[in-house]
Structure formats: C-alpha cells, structure tokens
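Inspection log for the structure reproduced underneath, given as structure tokens.
Note: hydrogens, waters and symmetry copies are ignored here, and every other heavy atom, side chains too, is used. Throughout, protein chains are lettered first and strands after them, A, B, ... in sequence-line order, and every chain is numbered starting at 1.
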Protein chains: 2
Amino acid sequence: MPFTYEYPRAALTVDCVVFGFDGEGLKLLLIERGLEPFKGRWALPGGFVRVDEELEHAARRELHEETGISEVVLEQFQAFGGINRDPRERVVSVAYFALTRLDDHRPQASTDARQAVWFNANELPKLAFDHQAIIQQALTHLRSRVRVEPIGFHLLPPKFTLTQLQGLYESVLGREVDIRNFRKRVLAMELVVALKKEFQRGRQRPAQLYRFDPKRYEQLKKSGFQFEL
Amino acid sequence: MPFTYEYPRAALTVDCVVFGFDGEGLKLLLIERGLEPFKGRWALPGGFVRVDEELEHAARRELHEETGISEVVLEQFQAFGGINRDPRERVVSVAYFALTRLDDHRPQASTDARQAVWFNANELPKLAFDHQAIIQQALTHLRSRVRVEPIGFHLLPPKFTLTQLQGLYESVLGREVDIRNFRKRVLAMELVVALKKEFQRGRQRPAQLYRFDPKRYEQLKKSGFQFEL
DNA sequence: CCAAAAGTGTTTAAAATACACCCATGG
DNA sequence: CCATGGGTGTATTTTAAACACTTTTGG
C-alpha cells in the first residue's frame, strides 16, 4: 500500500510537571485554566506540539509561554493516551517533568492573564483532565530518578547547605533521613564542593555553602561510578 | 479561543521492542519491511494508533498482527518524536517493551508475508528509522526495571531452573553473577517455589524446577517489601 | 568411569544504621 | 545567656563478596 494514511488523527500535546523546592517541601506549579473545558480548574502547563517541532522544544516553549520559566531541566517520563482524557477529542500527551529553582520563579503576573501558582505537592487542588494521574506518575519517576542520578541539585540554588540538600531528599522521598549518615554519604561521593568562606547566615550558627560539581560527576561516571543516595 | 485546532497533525504510532530469552542470551524479535521506506530493512513490530484506540491496545494489536504474539507483558517506556525520524512525514511513536517466553513464539510463517525473526540482542542488523535508538533505550529501561521488579520471570517458561534464571540476569545485565550468592538471594526472597519432584533432565544431574509466585509477591509488596536483585 | 552441569556454607570485608553531644551565631 | 539550627565520630549490625568442592545423571 502507498503511504496514504487518511484516517482521523489524535492531537498531540505536551504537559509539564514543574517541581520546585523552597526548604519547606516539594512544590508544584499549576496554572488556572481560562477556558472550557475545565475552566477555572488548575492544570499542568502544556499545550499542542507543532507538526515540525521537537517534543522537548514544545514542552520548553509552552512552559515559557505559560509561566515565564526558561532554561529548565526537562525529562520525558511517559505518554498519556487514554481515549477520553480530553472530553473534546482524542489527545495524546507526552509528559515531562521539570526541575526548577523555585526562588528564580516566584509567581509573576503571567503574560496571558492566566496565573501560575506554586502548590504543595501533597496538598493539590482538584485538577483538570487526567493531570492528577500524570502528577502521580511524575512523582514516582522523580523519586526513583533522584536516587540514581544527581538531578536533585537542580531544585536547589547554585549555592546550598547540606541541610537544604537533606531537606530536599526528605521531601522527595517522603521520609526522614539521618543527618550524620546523609552527610557522610554525600561528602564521600565528592560531587559537592565546599565554598571557601561562604556561609549562609540565619539567627544561628552559619552554615557552610556547597555547590554541585557537574564536571566531577562526568569524570566519576566515566570511571564506572554510580550515583546513589 | 474556541477549540478549533486546525493545524496539520503528526501521525501517531506504537513500536514494540520484543525481548526473548533462550538460555543462550537475550533475543529481539524484528520484522523485515516489505514496503518503502526502508524496504527490506529490519524493523520493530508496530504501526498506527487508531483514533479511538488505547495506546497499549494498539501495541498489542500490531504485535499480534505482525508476529502472532498475544498475551504478552507490555510496558511503555518512552515516546520518540524526532522531526525526521520518518522520512515521509512527522510521526511520533510511543514505544513499549514486551517480555515473552521465546519458546512459545518460535518463528512461524507470518500471516502477512513479512517474516519475524529472533536476533541476538547484541548482534542486530541495520535497522529502519530510529529503531536502533529505540532499542538502545529499551535495553536501558529493561536493565533498570529488571532489578527492582520481578519482571524477568516473564522471559522464562513457567517452570524454570535457578541456573536459567541466573543466565537470564547475566544476559540482561551484561555481567557475570556469582552462583552461590545469586541463589542465596533469590531463595531468601521466597518469591520462587520449588516444584516437588519436578526436575529438568539433561545429560547431567537433574535440576530442580521452580515457579514464580505472583500472589506471594503481592503479599510481600503490601508489607513494604522491595524486590531487588 | 567420565563429562557436564547442579548444588551447597563459611569467612571476610564493606556498607548501612543507630545514636548524643558540643558549636557558633543573632537577638 | 539562650534559642536555634549546624556540625561531628564511633560502635554495631547487616549485607555483599569471595571462594572450591561434592553430587547426580547420561552416555
């Protein structure tokens, strides 16, 4: 048969599960829908993929258009294709999760009227479409990825304390972590370097600041090292 | 704006990376393309998703149509959407891996002229489209999944010896495994039960046959057990 | 009786865990 | 001077790794 595929086609979208961390807990960025269906409901940033556009590019573009966020770490984790996930017609969505430094993306008045708001990952409002399920999967993926790749650092500011890093892991994994064992492991990996004479001050003892060393990670990876936390 | 999305749309397909194991090594099922583009090249089983069809259903259907295989374990692992992955037009493919008992699916004369053939996973021919890359990703996923979920059993016959199981893990992970430590771990998990008085005979000492116990696995999972090999 | 694969335990090393007190600062 | 979170070491348990010989069968 010649290539004449003239059947109706599903629409193709991308959705982004945007994670952030503020020292308190894991956060998720949602936008309020301005249109039907699900007008007024909260939803994931996302939208249609252009026919000549890479999937990841579409995710980046939609994220930028709807929330102002750019230069973000994106990872595709699953396609969602349930027949009735969109009440209008068949829409298949490729889902990405994004890891952002929350402080760089405090809620701004969004360009196009719709507002973007950070929610606690475990206190989400009622969501549009199957976005609840997408988020659930994203969390599962994040939890397993964060233990075998040093991606958690993308949720922290470039300079961070070990306490912040620990808090991040506790939030993502949903359980407490022993402070001494955690520090032992992190420092033993030598993926993180102490910044000389740089401290974070509060109303208590100043905390040593560290930064993640991506070059060091590349080195280690080449010599068979496997990140694990 | 009303919902009038009248732009050209990408076509949507599914592709299946079908794994098998024959005691020798990991195998992959490919079909020879009968049509352009890539006529005569080997390719993954797969095809178009109907507009009212679940993704997984499409994967199952295509697999059945092209290879005769049914009742198989399928797991979606990634969507591939590179702009020029299909020379004809934009095609986004949702990729699944399938785990089959190879002996149940020995090469038959396929229903529709095209033949399906098992290849050694590390001696693949030149492939159509970006199927090489899809397989690469499938292997990576399989390798990490097989260590944290008891899915490897789907590649073995219902009754198997521990040596077969070990060989499977060695093939998938690509490294040797210590026989005594492996057996110790497997038996300690109690996911596998010895079949009374059932042995596999060869020209040497008969080997105890075991079967995987899925109910036991469900039990254990509920009580917080985490499979790991 | 020989070849071939099945089966079996112990010792050692490494890694994970549990655990409690002193430190430096801001207010 | 006190409240707050930062920072540190050791002993114990658990887990992983290394390692070689005996058994059973078919031919």
- Task: Begin from the C-alpha positions of A/Leu165 and A/Val186 and carry the test side chain to side chain contact (heavy atoms under 4.5 Å, CB included) through to its verdict.
- Result: CA-CA 9 Å; A/Leu165 183 63; A/Val186 170; 4.0 Å; yes
List the residues meeting side chain to side chain donor-acceptor pair (under 3.5 Å) with [X], not counting sequence neighbours, and say none if there are none.
| X | answer |
| --- | --- |
| A/Asp213 | none |
| B/His57 | B/Glu53 |
| A/Tyr169 | none |

Salt bridge present between [X] and [Y] (N-O < 4.0 angstrom):
| X | Y | answer |
| --- | --- | --- |
| A/Asp15 | A/Arg85 | yes |
| A/Lys222 | A/Glu218 | no |
| A/Arg41 | A/Glu32 | no |
| B/Arg216 | B/Glu190 | yes |
| B/Glu228 | B/Arg147 | no |

[X] has an atom [atom1]; how far is it from atom [atom2] of [N], in whole Å?
| X | N | atom1 | atom2 | result |
| --- | --- | --- | --- | --- |
| B/Arg185 | D/dA16 | CZ | P | 6 Å |
| A/Phe160 | D/dG6 | CZ | P | 14 Å |
| A/Gln200 | C/dT25 | CD | C1' | 13 Å |
| A/Met189 | C/dA16 | CE | C1' | 14 Å |

- Query: Near DNA chain D, which residues from residues 221-229 of chain A have a heavy atom under 4.0 Å away?
  - Reply: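 Hits under 4.0 Å, by residue number: none.
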- Task: Assign a letter to each nucleotide of nucleotides 1-14 of chain C from its 5' end: B, base within under 4.0 Å of a protein heavy atom; S, sugar-phosphate only; -, no contact.
- Result: ---BBBBBBB----
- Query: Picking from B/Leu30, B/Leu63, B/Leu44, what satisfies side-chain contact (heavy atoms from CB on, under 4.5 Å) with B/Val18?
  - Reply: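 One option only clears the test, and that one is B/Leu63.
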- Message: Tell me which residues in residues 148-156 of chain A lie within less than 4.0 Å of DNA chain C, going by non-hydrogen atoms.
- Response: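 Here the set is empty: none.
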